[in-house]
Amino acid sequence: MGRFVHCEYIRTGEKKMDNKKQFKPFIPAGKVLPEFTITSVIIGIILAVIFGAANAYLGLRVGMTVSASIPAAVISMGVIRVILRKDSILENNMVQTIGSAGESLAAGAIFTLPALFMWAVEKPDVFSKPSFIVIALVALCGGILGVLFMVPLRTALIVEEHGVLPYPEGTACAEVLLAGEEGGSKSKVVFSGLGIAAIYKFIADGLCLFPSEVVFSSKSKMFTSSVGMDVLPALAGVGYICGPKIASYMFSGGVLSYLVLMPAIAFFGGDSLSVVTDAAGKALAFNQLEPGQIWGNYIRYIGAGAVAAGGIISLIKTFPTMIRTFKNAIKGFGHKGEDNRTARDLPLPVVLGGIALLAIAMWLIPGIPVSISGAIIIIVFGFFFATVSSRMVGIVGSSNNPVSGMAIATLIITTIVLKLAGGSEAEIMTAAIVIGTIICIIAAMAGDTSQDLKTGYIVGATPMKQQIGELIGAVASAFAIGGVMYLLNSAWQFGSEQIPAPQASLMKMVVEGVVGDSMPWTLIFIGVFIAIVAEILKVPVLAFAIGLYLPIYLSAPIMIGGSVKWLIERKKYRNEKEKKHCTEMGTLYSAGMIAGEGIVGILLALVAVFNWKINLSGIYGGDANFAGSLTSIGNWIGLAVFALLVSTLYFVCRKKKAATTEIQDIDNE
């Protein structure tokens, strides 16, 4: 895309260009186009409810959600440009802004609230299921706070850090919108990537003709570990957009967790008993554990500690910029300010007043079990994790935002505080989950809002209108998520094979561990000090910590995408124009791949509700041991098909037959 100033995503703290002065959005500040219209609001609300419901099911089924920003943008272009015959990039951007709110709010809710349903089944005489109204109000508080907390951070993270934080999905969404606006070869590149990725995703996860996750495991006295990757197009696209530096930091964290910590835990533990039990309740020895069990019961806590420490370090380093932003906002009290449409946020008095009113409401509303101290915890930790989440999604994207890691840290601290304050176990556990839910939603919403604001910053949207759009999407989604959760729990019950709710089960275990004094503090502090060592070595600690926390199956394909960009950048070109053009063609194609997988992912989540699936994967062999992994036909087919997919990205980048005028346009911009 010629109008987006691409630059190397350098490490925080290094000297960077003054992007505010050099960057020019697609729609200039002085130009006004239809943006916040009835059409964009209605379509956005519909998509927010649909994507929220689809992602609620997906998250309860497999423990993760997919970003809805790009699918919403593509659907919006189809409706507004093709069906309604209107031409406004800012309207399309508003639709994706409102529509993506449903996915983020659903992610925060389903990662925690199902724990209350599961306790109600296990101990019906002590716990009761939360009502529809309580779920809606809790989700509403978290959603609105997530948007409001991001308002004063926009200048610090989106404007000041432009060129430093890539915000891969926000950038990709802008690429999709701009490609649809500009048309020509750029549009063809985006939609080529979209089409190929959509077909690939449907064949892999719809028809299951080959596995979308390739795993090679080893379980022995000599070496217990597991390596592999999710062979999916969106992850490769994220890696290309992030670039080789960030991708390598994430991958190095994954290597440490899977190839150092995991085998070390299994080796040193040996025949001693672990915390894992078999079906009969008998404790298993460390050398009997599968790699996945070691990750879920040990590595994950180490990673959560590293992410929490990395977030604190990142917040400390960002603090001067945040203070400067607040000072500038306070100076504007009572003043009209500069007449700049693209720099206009919600007024700070409105933001602070809204936060104060919500804190009081959470304390006074009878259905929400939050005391005044709990409300203070929500505001303090909510703002902290909103900052951390916004910076993290700037590195790895919303789909890979480790919201559950932040929720674990919140639940640990909150449960300890509530336990010290006194009360019955049921009251402490219920309040901890509700507070954790609100903060979890805050983190998810702040991350989504920052991605949307990044898209708006590139295309030239009005930040204040986008922020209002996010609030509308949060309100609509909050009242939809309660009905979706009750529907799914009534159909299958949380914790069942159909909807195991893996993230909520983990949160339930964390709260029970703190209340019952069985929390693995040693593992958490190991992660904290690993993050401190990374910071001492001047490694970007947050990217490294995220790689340590997330499965290596996610960081490996991101590393491959980053490696493709590294190869393209190292290739010899006739001039800088040609290099820039080839690099940007890869960004456009990557944006299309992210969009294609996102759209099909949403569709597969919707049709999964009707239990529709054509599964042909039974033709593949393989088992949990390394020999079985090596002989599994599916693993090798998955790798081969993924290699073909990555090769299409590489060859798109190497195309030299671009029109001279297009290269000249890039140079002029």
Side-chain angles (χ1 to χ4, degrees), residues 52-53 55-65 105-139 142 275-282 293 296-297 300 366-370 403-404 407-408 410-412 414-415 418-419 423-441 478 480-519 608-609 611:
N55 271 287
Y57 175 83
L58 189 64
L60 290 166
R61 185 74 182 268
V62 301
M64 64 177 293
T65 59
L105 191 141
I110 56 96
F111 283 178
T112 48
L113 279 178
L116 297 179
F117 287 83
M118 288 186 271
W119 279 328
V121 173
E122 294 174 4
K123 302 175 182 178
D125 55 330
V126 179
F127 293 91
S128 59
K129 291 190 297 185
S131 67
F132 168 82
I133 294 297
V134 169
I135 294 175
L137 290 175
V138 167
V275 299
V276 184
T277 59
D278 59 17
K282 181 181 178 182
Q293 293 173 317
N297 292 277
R300 195 168 192 175
I368 303 178
V370 175
V403 171
S404 57
I408 289 171
T410 300
L411 287 174
I412 291 172
T414 302
T415 309
L418 294 174
K419 189 177 179 182
S424 67
E425 285 193 1
E427 291 173 343
I428 293 171
M429 293 162 72
T430 301
I433 286 294
V434 170
I435 293 172
T437 299
I438 295 174
I439 295 177
C440 197
I441 293 173
I481 192 65
V484 172
M485 291 184 70
Y486 260 86
L487 174 66
L488 294 175
N489 185 65
S490 300
W492 295 300
Q493 190 169 305
F494 297 135
S496 65
E497 183 180 350
Q498 290 84 357
I499 44 173
Q503 299 282 11
S505 298
L506 175 64
M507 306 306 165
K508 174 175 172 285
M509 182 179 69
V510 168
V511 174
E512 291 172 345
V514 175
V515 172
D517 295 321
S518 58
M519 194 65 190
V609 174
N611 206 26

Which residues share a ring-ring contact (aromatic ring centres under 6.0 Å, His included) with Tyr486, sequence neighbours left out: Phe117
Point-to-point distance, once rounded to the nearest 0.5 Å, from NZ of Lys508 to OG1 of Thr112: 14.0 Å
Ile481 to Ala109 - nearest heavy-atom pair and separation: CG1-CB, 4.0 Å
Pairs flagged by salt bridge (Lys or Arg N to Asp or Glu O under 4.0 Å) wherever residues 427-439 is involved - sequence neighbours left out: none
Minimal non-hydrogen separation, Thr410 against Gly436, with atom names: CG2-CA, 4.3 Å
Side-chain (Asn489) to main-chain (Met485) donor-acceptor, under 3.5 angstrom: no
Leu137 vs Ile368 side-chain heavy atoms within contact, under 4.5 Å: yes
4.5 Å side-chain heavy-atom contact, Met118 and Phe127: no
Residue pair Thr437 / Val434, side-chain heavy-atom distance below 4.5 Å: no
Closest contact, heavy atoms only, Ala431 versus Leu418: CB-CD1, 3.8 Å
CD1-CD1 distance between Ile438 and Ile433, expressed to the nearest 0.5 angstrom: 12.0 Å
Shortest non-hydrogen contact between Ala432 and Leu411, atoms and distance: O-CD2, 3.2 Å
Ion pair Lys123/Glu425, N-O distance below 4.0 Å: no
Nearest-0.5 Å distance, CE of residue Met507 to CD1 of residue Ile412: 10.0 Å
Whether Lys419 side chain and Val515 backbone form a donor-acceptor pair below 3.5 Å: yes
Backbone of Pro124 reached by a side-chain donor or acceptor of Ser128 within 3.5 Å: no
Side-chain heavy-atom pair Lys129, Trp119 within 4.5 angstrom cut-off: no
Of Ser424, Pro369, Pro130, the residue whose pairing with Thr430 passes side-chain contact (heavy atoms from CB on, under 4.5 Å): Pro369
Straight-line distance of Ile435 CD1 to Cys440 SG, nearest 0.5 Å: 13.5 Å
